[in-house]
**Q** 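Take this structure first; my questions come after.
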2 protein chains.
Amino acid sequence: MSDSASDWDDDSPAGTADRQPRRRAAPAALDGARARPSRNTDPTLPARERAYREMRYRILEGGLAPGTTLLETELATLLAMSRTPIREATIRLEKEGLVTIRPRHGITVNALSLDDLAEIYEVFSALEVRAAGLAALRGLSTEAAERMRGLLDAMEHATQQGRIEHWSRLDDEFHSTIAAASGNARLQSTLRLYWDQQYRARLAIVPLRASPTRSDAEHRSIFEAIRAGDEAEAERLMRAHRMRADAQTLELLRGQPFVASGGAG
Amino acid sequence: MSDSASDWDDDSPAGTADRQPRRRAAPAALDGARARPSRNTDPTLPARERAYREMRYRILEGGLAPGTTLLETELATLLAMSRTPIREATIRLEKEGLVTIRPRHGITVNALSLDDLAEIYEVFSALEVRAAGLAALRGLSTEAAERMRGLLDAMEHATQQGRIEHWSRLDDEFHSTIAAASGNARLQSTLRLYWDQQYRARLAIVPLRASPTRSDAEHRSIFEAIRAGDEAEAERLMRAHRMRADAQTLELLRGQPFVASGGAG
DNA sequence: GCCGCTGATAATGTATACATTATGACGGCG
DNA sequence: CGCCGTCATAATGTATACATTATCAGCGGC
């Protein structure tokens with residue numbers, strides 16, 4: 001089982017670090033993120049942190065379906081802790097756009113309408129375009145370049161084998177590698193926020209996707225532009241890529257069951 | 001709309017506040033800070049909300065200087081409430097990038113290095129460029145157009161009179177109007193987040209700014225492009241505007257007292 | 001039969017008690 | 001003389017008690 005929910009580098013400066021040394025993490029490799037077991041029950045973690053991770057995990061992976069409403073007390077029972085850490089975790093999740101807290105009505109897992117998703121993609125894509133540009137401007141480390149090349153190869157291979165789900169995970173990784181290569185930790189962490197929000201929707205259409213031959217080609221050209229240090233071209237290509245991919249995704253999502261047209265923001 | 005600096009969101013900080021340059025707040029500092037009660041004292045609001053607004057206000061307006069560290073207990077005393085709402089408020093503020101929570105070390109008002117500000121501007125500008133494009137794409141309402149035209153006139157007038165501080169507030173309003181015209185609430189709210197983070201720094205250089213004749217001209221051309229519905233041109237002009245303005249801002253900030261280049265965070 | 005009032009009730013908001021743990025002082029040891 | 005382990009303590013983490021308040025059922029008036 002994948003842990004795609006945590007492909008994106010976890011905590012970042014403006015983000016949700018709990019116990020962080022003074023200096024922020026270096027341009028960090030994302031490699032460590034994969035090792036973590038998806039189910040987080042480590043009892044040594046603070047309860048607040050367990051609550052946050054567990055709820056985030058369940059929301060992203062579908063255990064808590066969009067529209068689900070739970071009371072603080074119910075969550076407390078569910079996760080076997082008191083309301084205090086639950087409240088702190090839900091505040092974080094609300095800030096991240098995953099739930100909505102309505103006093104005396106409960107905590108609701110955000111259900112996204114197509115309009116919501118369109119909004120999310122608009123922000124996400126604008127940021128990713130810039131990330132590509134910055135990556136080009138700043139240059140790829142040898143490791144990042146290697147990594148991206150490996151991902152491109154693997155994606156093409158997955159495409160040939162028709163392993164769309166696997167391809168999708170590699171795609172996530174590719175894009176998050178670009179985010180990391182932007183050298184801007186805040187950009188990276190804001191991207192992760194929006195990534196989380198669209199994660200479930202994206203997951204839902206994975207099986208519907210056609211062979212992503214075109215994306216493979218676009219990815220490769222984006223990589224080449226970044227590698228060549230051509231900022232304008234990297235941004236141009238990424239913009240084109242995202243415009244096409246976003247439109248396609250929204251199209252596939254149209255008519256999907258859980259994408260209500262009037263969902264909550 | 002409102003007389004204050006901007007309509008980014010609920011309460012907008014306007015006017016100047018006194019500085020309190022104490023690095024480490026001793027108990028003595030608490031009384032000093034309490035001396036100036038701001039208007040977020042409405043006792044009908046939940047304590048958590050009062051704490052949030054009051055802290056945000058003091059951080060943005062300088063009552064709580066960057067680098068200031070306070071313990072939960074001290075904040076509770078300062079704002080005359082228990083630790084519970086304080087904790088909830090600080091979690092929100094940390095998510096917004098205004099403070100850093102270091103367990104057993106206290107809550108520190110984030111001090112931004114030049115690198116931090118550069119990061120912030122990179123994200124902010126990427127989003128604002130897109131906002132301009134979307135505004136062009138979607139068209140301005142009559143009111144928005146009127147409002148922007150009025151702001152442009154007022155800005156030029158302020159420039160002629162050398163009222164830089166006033167100009168700066170109008171500038172905020174102009175940019176937030178564009179954000180609103182993007183029609184994307186998430187974009188707007190993320191812009192506000194980053195705007196908050198750079199607010200103090202921007203405030204600090206207001207008196208140092210030269211006559212913003214050039215910005216006035218750029219603003220007008222951006223407005224024209226948006227009004228003409230020319231998405232690409234609006235983005236192009238906004239990008240140029242921001243690149244120039246950001247570079248200038250960072251240049252002015254270099255050497256400013258509270259902007260430690262090493263990362264005084 | 002509908003509207004609005006009212007109070008019981010449940011849920012949240014806040015305070016506080018209690019548990020846990022990092023820190024920094026202190027003193028012994030090398 | 002300095003290093004390291006230990007412990008007291010302060011600060012946070014969590015649970016729980018208590019206060020406040022919105023909701024909704026039920027009732028009475030219109």
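In what follows, every heavy atom counts, from backbone to side chain, and hydrogens, waters and symmetry copies are set aside. Reminder, nothing fancy here: chain letters follow the sequence lines and each chain counts from 1.
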**Q** With sequence neighbours excluded, tell me which residues meet salt bridge (Lys or Arg N to Asp or Glu O under 4.0 Å) with A:E94.
**A** none
**Q** Using side-chain hydrogen bond (donor to acceptor under 3.5 Å, both in side chains) as the criterion, list what pairs up with A:R104, not counting sequence neighbours.
**A** none
**Q** Apply salt bridge (Lys or Arg N to Asp or Glu O under 4.0 Å) to B:D246 and list each qualifying residue two or more places apart in sequence or on a separate chain.
**A** B:R242
**Q** Could you run through nucleotides 7-16 of chain C and give me one letter per nucleotide, 5' to 3': B if any protein heavy atom sits under 4.0 Å from the base, S if only the sugar-phosphate is that close, - if neither?
**A** ----BBBBBB
**Q** Sequence neighbours excluded, which residues qualify as side-chain hydrogen bond (donor to acceptor under 3.5 Å, both in side chains) partners of B:D171?
**A** B:H175, B:R202, B:H219
**Q** Which residues satisfy the side-chain hydrogen bond (donor to acceptor under 3.5 Å, both in side chains) test with A:E74, sequence neighbours excluded?
**A** none
